[in-house]
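Okay, structure first, notes after.
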Amino acid sequence: MDILPQSYYEQPTLQLAKSLLGKRLVKETTDGLASGWIVETEAYIGPHDQAAHSFGNRRTKRTEVMFGPPGYVYTYVMHTHCLVNVVSGKINQPEAILIRAVEPYEGIHLIGKRRPNIKKEKERTNGPGKLTKALGIDMSDYGGAFFERPLYITEGKKVEGIKEGVRIGIPNSGEAKMYPWRFLLDKNKFVSK
DNA sequence: ATATAGATGTTC
DNA sequence: AACATCTATATC
């Protein structure tokens, strides 16, 4: 499967968020390769979105990559966990897509080693903090490109049953929390609750 | 099966 | 002080 070129990321954020469903997210480490199908995403459209870190064009050390060209990696540490985002929008348009869940595909034994003591299979990757740990993504990936190793996205499989919904976990974002900017594959067992 | 609380680190 | 979360524990 081919790595998606940078030009792929030049489409509008909401369209890209939907398009990412079913693609293959890959991470290579010294331990080996692990990958999963993307089954859930959320769009964060900076200037107009109170829930985005870049709301009102707030530019800090943390949000810096979002102001660059699309197709780059924005990792962010929340509590003890690390979250992955795909930067989208043109230069100086701070937009990004949060990857919330994947379905394990390659490197299952690695994923199992990184997330032991799990009762059900789906609990390994059905949340933004879980999937990063499962695939071995961390802050060292910040600022990298999704079209270059070691962290990249390739073509995937065709998907059906794309569903939109309201975003999760952003209670204090005013009107913005009602925007239907969450995309997921209906009937897939690996999406978050 | 669902619900609730508590712990965690980084940023502002 | 706020938060784009996870896990354990408790209860049905």
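Just so you know, these numbers use all the heavy atoms, side chains as well, and skip hydrogens, waters and symmetry mates.
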When rounded to the nearest 0.5 angstrom, what is the spacing between [atom1] in [X] and [atom2] in [Y]?
{"X": "A/T125", "Y": "A/F190", "atom1": "OG1", "atom2": "CZ", "answer": "5.5 Å"}
{"X": "A/E40", "Y": "A/L131", "atom1": "CD", "atom2": "CG", "answer": "10.0 Å"}
{"X": "A/K157", "Y": "A/K23", "atom1": "NZ", "atom2": "NZ", "answer": "12.0 Å"}
{"X": "A/Y142", "Y": "A/E64", "atom1": "OH", "atom2": "CD", "answer": "6.5 Å"}
{"X": "A/I111", "Y": "A/E121", "atom1": "CD1", "atom2": "CD", "answer": "9.0 Å"}

Counting a pair only when it is Watson-Crick or G-U and both distances are under 3.5 Å, which runs of at least 3 such pairs involve DNA chain B?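 Ordered by first number, the stems with DNA chain B (at least 3 consecutive pairs each) read B:1-7 with C:5-11, B:9-11 with C:1-3.
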Please figure out whether A/S173 or A/K119 has its closest DNA chain C nucleotide nearer the 5' end.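 The 5'-side residue here is A/S173.
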Tell me who clusters with A/I168, hydrophobic residues only, linked when side chains sit under 4.5 Å apart either directly or through other members.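 Under the 4.5 Å side-chain rule, A/I168 groups with nothing.
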Does A/L110 sit in a hydrophobic cluster with other residues, and if so which ones, taking ILVMFWY side chains as linked at heavy-atom separations under 4.5 Å, directly or through other members?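 Cluster partners of A/L110: none, it stands alone.
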Is it the case that A/R59 places NZ or CZ above or below the six-membered ring of A/F67, under 6.0 angstrom from the centre and within 45 degrees of the axis?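 Positive - A/R59 is close enough to the ring of A/F67 and near enough to its axis.
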Does A/T41 reach the main-chain N or O of A/A17 with its side chain, forming a donor-acceptor pair under 3.5 Å?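 Judged by distance alone, yes, a pair lies under 3.5 Å.
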Are the side chain of A/R58 and the backbone N or O of A/H53 linked by a donor-acceptor pair below 3.5 Å?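 Answer holds: yes.
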Would you kindly give the [atom1]-to-[atom2] distance between [X] and [N], to the nearest whole Å?
{"X": "A/R114", "N": "C/dC6", "atom1": "CZ", "atom2": "P", "answer": "17 Å"}
{"X": "A/I168", "N": "C/dT5", "atom1": "CD1", "atom2": "P", "answer": "8 Å"}
{"X": "A/Y44", "N": "C/dC3", "atom1": "OH", "atom2": "P", "answer": "13 Å"}

Is there a path of hydrophobic side-chain contacts, each under 4.5 Å between heavy atoms of I/L/V/M/F/W/Y residues, joining A/W37 to A/L21?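 Hydrophobic grouping puts A/L21 apart from A/W37.
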Say whether A/F55 and A/I97 are linked into one hydrophobic cluster, either directly or through other cluster members, by side-chain heavy-atom distances under 4.5 angstrom.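 Result: no, two separate clusters.
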Neighbour count >12 (heavy atoms, 6.0 Å) for atom CZ, A/R149: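 No, CZ of A/R149 has 12 or fewer neighbouring heavy atoms, counting only those of other groups under 6.0 Å.
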Could you check whether A/D141 pairs with A/K27 (Lys NZ or Arg NE/NH1/NH2 to Asp/Glu carboxylate O, under 4.0 Å)?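 Yes, this pair counts.
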So, A/E164 and A/R182, do they make that salt bridge, N to O below 4.0 Å?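 So A/E164 does not pair with A/R182 through a salt bridge.
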So, do A/Y72 and A/F147 have ring centers that fall under 6.0 Å from each other?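 When the ring centroids of A/Y72 and A/F147 are compared, they turn out to be within the sub-6.0 Å range.
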Please report, to 0.1 Å, the donor-acceptor pairs under 3.5 Å made by any side chain of residues 2-9 of chain A, with sequence neighbours excluded.
residue	atom	partner	partner atom	Å
A/Q6	NE2	A/P70	O	3.2
A/Y8	OH	A/S19	OG	2.5

Of all of residues 176-193 of chain A, which get a heavy atom below 4.0 angstrom from DNA chain C, listed by number?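 Here the set is empty: none.
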Does anything in residues 123-137 of chain A reach DNA chain C, meaning a heavy atom under 4.0 Å, and if so which residues?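 The answer is A/G127, A/P128, A/G129, A/K130.
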Pairing donors with acceptors under 3.5 angstrom, does anything connect the side chains of A/R114 and A/T29?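 Side chains of A/R114 and A/T29: pair found under 3.5 Å.
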Residues from [range] sitting under 4.0 Å of DNA chain B, heavy atoms only?
{"range": "residues 52-65 of chain A", "result": "A/T60, A/R62"}
{"range": "residues 12-27 of chain A", "result": "none"}
{"range": "residues 73-112 of chain A", "result": "A/V77, A/H79, A/T80"}

Anything under 3.5 Å between a donor and an acceptor, one on a side chain of residues 80-88 of chain A, the other on a protein residue two or more places apart or in another chain? List them.
residue	atom	partner	partner atom	Å
A/N85	ND2	A/Y74	O	3.2
A/S88	OG	A/T13	OG1	2.6

Please tabulate, one pair per line, all N/O donor-acceptor pairs under 3.5 Å involving side-chain atoms of residues 101-108 of chain A, not counting sequence neighbours.
residue	atom	partner	partner atom	Å
A/E103	OE1	A/N188	ND2	3.1
A/E106	OE1	A/R24	NE	2.8
A/E106	OE1	A/R24	NH2	3.0
A/E106	OE1	A/S35	OG	2.5

For a 4.0 angstrom threshold against heavy atoms of chain A, report the outermost contacting nucleotides of DNA chain B in 5' to 3' order.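 Endpoints of the contacted stretch of DNA chain B: B/dA1 to B/dC12.
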